[in-house]
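Order of the sequence lines fixes the chain letters, A, B, ..., with proteins taken first and strands second; residue numbering starts at 1 for each chain.
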Amino acid sequence: MFAPNPTMAATETDTETLSRLYRELLRIRRAEEGILELLLKNKLSSTMCHVSIGQEAVAVGVCDALEPDDYITSTHRGHGHFLARGGAMSALMAELMGREAGACRGRGSSMHLVDASIGHLGSNAIVGGHIPIATGAALWTALRGEHRVVASFFGDGATSEGIFHESVNFAAVQRLPIVFVVENNQWAMSLPWAKSTAQQSIEVKAEGYGIAGVDVDGQDVLAVRTAARDAIGRARRGEGPTLLGLSTYRFLGHSRADPSSYRDKAEEEKWRLRDPVLLAHNLLMAHDFDEEWFEQVDRDIAAEIAAAIEIAENSPPASIGEVFSDIYATPLEGIR
Amino acid sequence: MISTLTPPRTVTYREALREALFEEMEADDRVIVMGEDVGKYGGAYAVSKGLLERFGDRRVIDTPMSEALIVGAALGAAVVGGRPVAEIMYMDFVTLTMDALVNQAAKLHFMFGGQLSAPMVVRVQQGVGRGAGAQHSQSLEAWFAHVPGLKVVAPSTPADAKGLLKSSIRDDDPVLFIEHKGLYARKGTDPGREHTVPIGVADVKRPGVDVTVVAWSNMVHTALDAAELLADDGIDVEVIDLRTIAPLDMQTVLASCRRTGRLLVAHEACQTGGLGAEIIAQAAEHLHGLLHAPPRRIATPDVVLPANTTLERALVPDTDAIASAIRDLVRS
């Protein structure tokens, strides 16, 4: 099982990659901080909002390793996956604010993000509900010989759902091109990982399915990216699925309503030292990136977020009229 | 191969379904079939027999015993370009697939702002007739009529089965396609190769002027038998086959009731919360003062079905029970 490392593992990566990853980590962090601010100002269309602050390296490391034609599926805590995959900041903000310019035209809000044009097949509010969908996408891709790979993000809690087993088992039997990304933030709402499962190693779980599996430091974006590249490579070569176990931590509560009273403050403090943004920041500092560079990144991201919120605010609110007509993709010829 | 044979004049419900699958798979290579024992075994009720030999294991996929996965993966394949036809062996097993059907497939098109759609069919069979018991005989269609975003069909004849299956496969929405274990051997007119039936349109299977009987699936035939019985007594029964459960074609039903002034809904599903309740509620809302008698329903009582063909027969409305209910309606 994974144990947190004091420093990041890989240091041989080129600085261009590292700076790109850092920028993306910070972009997601700042976007979600902005979202929490909008929530406090009552500017969101829904009360449901789960942020991934502390878990950004999972989204960034995995998505960086994917090709443009690949697919992802995501969770109720999916802002990071959406942005890391290339979703537009304005589509995210407008969606959360219930506007037509939103990813789902203001109908999905925080838990349902999508962008088919970049292979984002939707984030899902049912824990584990999208794992078979990702598996089916991988099946289709394999049947058609398309050489695409699917990455399905889900949390530690989802591994306790029956559909996790059915999906991993089927993908293993069919040797499907899919990476099951276990974004293990240690807590399934209030239930610790040790009470979710008696076998806490994802690598060992994978063995039981007859597929590859690894346990990786999910706070180290380079380690995540390296492990994801290995898994995606295997999938693309037709060598079947991987269970990619990424240990991370949800810095805030499950949602705004949750003060995480069930967690030990010392545990929270320990993980705070393993802030993925901070770790990447420190590594860049060690590579002689100066304050001016960091300030410029801060300014760029702040400007992008401000512009996105402005686009959202100028977009019309989601319309009620199509609530009825858009239930079906094929309108009924029979209904007269 | 079946599809290249000269069509016989009559065809069974099973053969009609099989031909629809053959024809759609031949016409569109995005159509795949997946489920438990659909390959070499040919399907638990032999509907997919011959498909594996004709189309190979990349288009006819035997899955593990994982119903939730079957429907969820069919949805995933549909989202990225496939047109899967998933088979769930018994309606009762659909309980294991509820998330994929209800929370996922039905919601996806609207919820994601129209970006994604789910052109998929889930074939199931339901109903009594074999003493299959409490966990293999339920008629659960009303559950799915309660889920906006799903289309639900339940054909009663070979021609409708073929036509609706072809339409369902070509439709861009998730369709729950409900067959009946008592219908597979039933013969009917072969509708020929290019036959489709639109989803959402009921069919008057027998025109009449005295009373409207609404039924679907196997119960249509029981209703038609009752109508024949009553014809000798001078009661002229109109039998409407809903064919599509959701969305309901109430226009056809209401138009018929306006002519006959009397409505009976007959279904094999148990009574409480059954589709009969919805149809009669809508009739009450739209036909107040136009009906000569209070609308009635006849259904299986709210019981757990026994694995016993004798008890089964005693519980499910039969020809005599429907005829008797119609007589009561006409007299009142």
### Query
Is the number of heavy atoms from other residues, nucleotides or ligands under 6.0 Å of His286(B) NE2 greater than 12?
yes

### Query
Counting heavy atoms not belonging to Glu310(A), are there more than 12 under 6.0 Å from its CD?
no

Heavy-atom pairs under 4.5 Å with chain B, option from [options] with the top count:
| options | answer |
| --- | --- |
| Ile126(A), Ile163(A), Ile327(A), Thr135(A) | Ile126(A) |
| Gly129(A), Gly162(A), Ser109(A) | Gly129(A) |
| His165(A), Glu146(A), Arg105(A) | Arg105(A) |

[X] portion near chain B, given a 4.5 angstrom heavy-atom threshold:
| X | value |
| --- | --- |
| Ser123(A) | backbone |
| Ala134(A) | neither |
| Asn169(A) | side chain |
| Gln174(A) | side chain |
| Ala318(A) | neither |
| Val323(A) | both |
| Leu139(A) | side chain |
| Ile131(A) | neither |
| Leu143(A) | both |

Is the shortest distance from a Lys or Arg side-chain nitrogen in [X] or [Y] to a carboxylate oxygen in the other one below 4.0 Å?
| X | Y | value |
| --- | --- | --- |
| Arg77(A) | Glu183(A) | no |
| Glu67(A) | Arg148(A) | no |
| Glu23(B) | Lys166(B) | yes |
| Asp28(B) | Arg170(B) | no |

Side chain, backbone, both or neither: which part of [X] has a heavy atom under 4.5 Å from chain A?
| X | answer |
| --- | --- |
| Ala68(B) | both |
| Met65(B) | neither |
| Arg59(B) | neither |
| Leu150(B) | backbone |

#### Entry: Among Ile70(B), Leu96(B), Asn103(B), Val71(B), residue most engaged with chain A (heavy-atom pairs, under 4.5 Å)
Asn103(B)

### Message
At a heavy-atom distance under 4.5 Å, which candidate from Thr244(B), Asp99(B), Leu75(B) has the highest pair count against chain A?
### Response
Asp99(B)

### Message
Has Glu238(B) got a side-chain atom pairing as donor or acceptor with Thr212(B)'s backbone, closer than 3.5 angstrom?
### Response
no

### Query
How are the rings of Tyr209(A) and Phe164(A) set to each other: parallel, tilted or perpendicular (split at 30° and 60°)?
perpendicular

### Task
Specify whether His130(A) and Phe154(A) have parallel, tilted or perpendicular ring planes, treating 30° as the upper limit for parallel and 60° as the lower limit for perpendicular.
tilted

### Summary
ring-ring contact (aromatic ring centres under 6.0 Å, His included) test vs Phe153(A) passes for just one of His120(A), His81(A), His76(A), namely His81(A)

### Message
Is the positively charged end of Arg107(A) above the ring of Phe110(B), judged by distance under 6.0 angstrom from the centroid and angle within 45° of the axis?
### Response
yes

